[in-house]
Amino acid sequence: MWQTNWREQASATLGEREWDIVIIGGGITGAGILLEAARNGLRALLVEQRDFAWGTSSRSSKLVHGGLRYIKEGKLLLTRDSVHERKKLLREAAGLVEPQSFAFADYRGHKPGRWLFSLGLALYDMMAGQRTRHYFPADEFIMLAPHIATAELNGGLCYTDAKTDDARLVLRVLQEAQAAGGVAINYMAAHQLLRRDGRVHGVELRDAATGKIQTVEARIVISATGAWADGLRKPAQDGAKLRPLRGSHLILPAWRLPVAQAVSLMHPQDGRPVFAFPWEGATLVGTTDVDHREDMRTEAAITSAEVAYLMAAIAFQFPQLGITRDDIIATFAGVRPVIDTGKADPSKEGRDHAVWMEDGLLTVTGGKLTTFRLIALDALKHAAPQLSDWHPDLRPRPVFGAVPPLPYQKQLQGQQRQRLTGRYGNYAHMLLASAQEGELETIAGTDTIYAELRWAARSEAVLHLEDLLLRRTRLGLLLRDGGTDLLPKIRAICQPELGWDDARWANEQVAYLALCKKHYSVPFVDNV
């Protein structure tokens with residue numbers, strides 16, 4: 001929780017405090033490192049040049065999965081670690097990390113085929129210590145996955161993975177880290193690294209809100225900037241070690257593409273896995289996997305070619321629905337930090353993480369959302385030699401503690417109470433207490449209640465309208481045109497909490513709608 005005026009109070013003394021560790025990057029990796037560092041007694045500061053989870057960690061495919069396809073690539077250890085972490089997160093963060101059933105249709109003459117896919121699922125289940133897979137004949141499978149193409153259908157396999165709201169997962173981890181004594185500040189850029197005798201010993205910070213520049217020193221600096229890591233570390237003659245890959249997604253109304261469970265398929269053009277699954281009251285379709293050659297300083301956006309690619313997958317799997325580009329509510333694109341091994345096909349690149357120590361700067365990048373806890377622990381193990389008097393316990397332990405059950409509210413169903421508990425942890429009680437009349441109602445077309453807007457505006461470090469509608473809540477993705485029709489009601493709830501005058505709100509609204517149009521909408525066809 002970020003109290004009123006928290007930013008002014010925190011930033012005023014940054015340069016005066018002694019820090020053991022400064023973490024650059026406010027995505028899931030940086031948040032995980034901050035949490036583990038603070039729990040182990042380090043004086044830890046995290047800074048993020050944009051908003052928390054602004055980069056890849058709010059633009060992922062929203063899946064907390066074991067990486068079934070990595071089995072085929074021989075990445076058995078990565079898959080094993082992932083399924084174990086998935087199991088823990090499902091237990092610790094119920095309502096935020098949720099089980100998701102997947103259905104995969106088996107068509108005559110189409111790869112991978114029943115027996116090969118069943119073998120992969122058997123290994124998957126064995127690593128997870130459970131059995132969720134089951135094969136259904138065609139007539140039964142159609143009941144589980146209606147609207148799919150039925151020609152040449154043999155049947156289908158069902159198995160279980162998990163999904164999340166990735167931005168809320170980052171916020172929940174950051175809140176746990178702050179409760180343990182860590183400090184996290186958004187819109188605070190690492191302007192440049194401070195070096196003494198060629199070694200990094202601190203960071204020069206620039207406050208994006210005020211323009212103020214100050215320096216902080218630390219015993220070690222960790223870059224957890226993901227796909228942006230090479231820009232900070234400025235790799236020498238061996239060149240960049242990262243290969244930024246863009247994954248783009250579509251969001252459609254649940255009534256237009258109704259899927260009771262996730263439907264997974266191999267794309268008819270290139271055999272890559274594509275999926276459609278229910279998410280936050282809508283249907284999410286993804287993903288692409290292409291080299292991102294755009295300027296990393298600008299926000300990623302889907303291309304018309306990627307829209308066409310995903311629409312071709314929808315037409316192949318759901319031909320009878322007749323879905324068109326006009327049905328798309330919103331789009332989003334994220335850039336994955338993948339270690340470059342020179343493979344021609346981007347999808348063949350591994351998803352392992354990497355840690356590099358270079359002249360006092362420790363860089364950690366790559367990896368998967370699911371394994372953020374293990375990545376954080378590995379980063380701190382590499383940092384430990386720089387902290388000679390630090391003797392931590394870096395064995396994995398629960399990320400989230402137990403949360404008392406929410407009191408009964410006749411307006412909220414049990415599933416909604418669990419959703420709030422998962423997303424807000426111990427603050428869920430305060431969120432409900434802050435709700436005013438009518439604010440426990442669900443916003444149509446979403447799973448969000450109005451009280452979440454008030455709480456985010458009051459207590460979750462919102463500096464811009466995009467923070468509120470694209471990351472604290474996901475209304476900008478779930479409602480057409482970024483939720484334009486709802487903005488008057490959002491303003492009535494949030495403007496007093498944010499303390500913005502009318503001119504500030506007007507400017508924020510113009511900037512937000514322009515952002516939605518440019519980066520979260522369907523691009524014109526002639527841009528292919």
Side-chain angles (χ1 to χ4, degrees), residues 61-63 65 68-69 72 100-118 120-121 135-159 161 163 245-279 282-290 302-333 345-348 522-523 525 527-528:
S61 295
K62 321 303 181 198
L63 296 175
H65 65 96
L68 178 60
R69 72 185 180 91
K72 184 179 70 172
Q100 178 61 63
S101 177
F102 276 73
F104 185 89
D106 172 27
Y107 293 101
R108 281 186 287 278
H110 286 249
K111 294 181 178 180
R114 173 181 177 178
W115 299 113
L116 183 60
F117 198 45
S118 294
L121 286 175
Y135 189 88
F136 295 90
D139 55 345
E140 294 182 30
F141 188 75
I142 290 171
M143 299 292 290
L144 296 168
H147 311 298
I148 67 167
T150 57
E152 305 297 317
L153 179 67
N154 290 325
L157 283 150
C158 288
Y159 62 99
D161 247 317
K163 63 183 176 182
L245 300 180
R246 186 174 63 249
S248 297
H249 308 76
L250 310 177
I251 295 180
L252 294 97
W255 65 267
R256 194 66 185 88
L257 181 52
V259 284
Q261 56 189 323
V263 174
S264 183
L265 67 142
M266 309 306 285
H267 199 287
Q269 293 178 11
D270 56 11
R272 281 196 63 257
V274 179
F275 51 78
F277 69 91
W279 183 73
T283 299
L284 191 153
V285 178
T287 176
T288 62
D289 203 9
V290 299
I302 197 170
T303 64
S304 280
E306 288 174 291
V307 172
Y309 177 86
L310 294 175
M311 291 298 291
I314 294 173
F316 170 78
Q317 188 69 84
F318 306 98
Q320 59 183 304
L321 294 179
I323 291 172
T324 70
R325 291 164 62 102
D326 291 339
D327 293 313
I328 300 170
I329 296 174
T331 69
F332 68 92
D345 182 354
S347 296
K348 300 295 185 183
V522 181
V525 177
N527 285 346
V528 176

The complete set of side-chain hydrogen bond (donor to acceptor under 3.5 Å, both in side chains) pairs with one or both residues in residues 135-146, sequence neighbours excluded, reads D106-Y135
Between F104 and L265 the two heavy atoms that sit nearest each other are CE1-CA, 3.9 Å
Practice prompt. Answer yes or no: is there a side-chain heavy-atom contact under 4.5 Å between E306 and P523?
Written response: no
Test side chain to side chain contact (heavy atoms under 4.5 Å, CB included) on F316 and H267 and set out the steps.
-> CA-CA 8 Å; F316 170 78; H267 199 287; over 6 Å; no
**Pairwise side-chain contact, M266 with R272, heavy-atom cut-off 4.5 Å (strictly under)** = no
Here the pair of heavy atoms bringing I251 nearest to A282 is CG2-CB, 3.8 Å
Is it the case that the side chain of T283 and the backbone of L257 share a donor-acceptor pair, with hydrogens and angles ignored and the cut-off at 3.5 Å?
yes
Correct closest heavy-atom pair for A312 and Q269 would be CB-NE2, 3.8 Å
| field | Criterion side chain to side chain contact (heavy atoms under 4.5 Å, CB included) on R256 and I329, from CA distance to verdict | value | CA-CA 11 Å; R256 194 66 185 88; I329 296 174; over 6 Å; no
Inset, instruction - Verify, without hydrogens or angle tests, whether T324 (side chain) and D326 (backbone) share a donor-acceptor contact under 3.5 angstrom. - result: yes
Test: K62 cationic atom under 6.0 Å from F332 six-membered ring centre, within 45° of axis: yes
Closest non-hydrogen contact found for Q100 with A262 is NE2-N, 3.1 Å
CD1 (I314) and NE2 (H147) are apart, to the nearest 0.5 Å, by 13.5 Å
Does the T288 side chain pair with the main chain of S248, one donor and one acceptor, at a distance under 3.5 Å? yes
- Is there side-chain contact between P268 and H110, with at least one heavy-atom pair below 4.5 Å? no
*Does L321 reach the side chain of D327, with side-chain heavy atoms less than 4.5 Å apart?*
no
Residues P146 and F318: closest non-hydrogen pair is O-CE2, 4.4 Å
Closest non-hydrogen atoms of A276 and V259, given as atom of the first, atom of the second and distance, are O-CG2, 4.2 Å
Working for side chain to side chain contact (heavy atoms under 4.5 Å, CB included), residues L284 and F275: CA-CA 8 Å; L284 191 153; F275 51 78; 3.8 Å; yes
Notebook entry, point to check: Going through the distances and angles, do V290 and T303 end up as a side chain to side chain contact (heavy atoms under 4.5 Å, CB included)?
Noted result: CA-CA 11 Å; V290 299; T303 64; over 6 Å; no
Is any side-chain heavy atom of S264 less than 4.5 Å from a side-chain heavy atom of F277? no
CZ of R325 to CG of L250, rounded to nearest 0.5 Å, is 9.5 Å
NE2 of H249 to CH2 of W279, rounded to nearest 0.5 Å, is 10.0 Å
- Between Y159 and F102, how do the two ring planes meet: parallel, tilted or perpendicular, split at 30° and 60°? parallel
Rounded to the nearest 0.5 Å, the OH atom of Y309 sits from the OG1 atom of T287 at a distance of 9.0 Å
Pairwise side-chain contact, I148 with Y107, heavy-atom cut-off 4.5 Å (strictly under):
yes
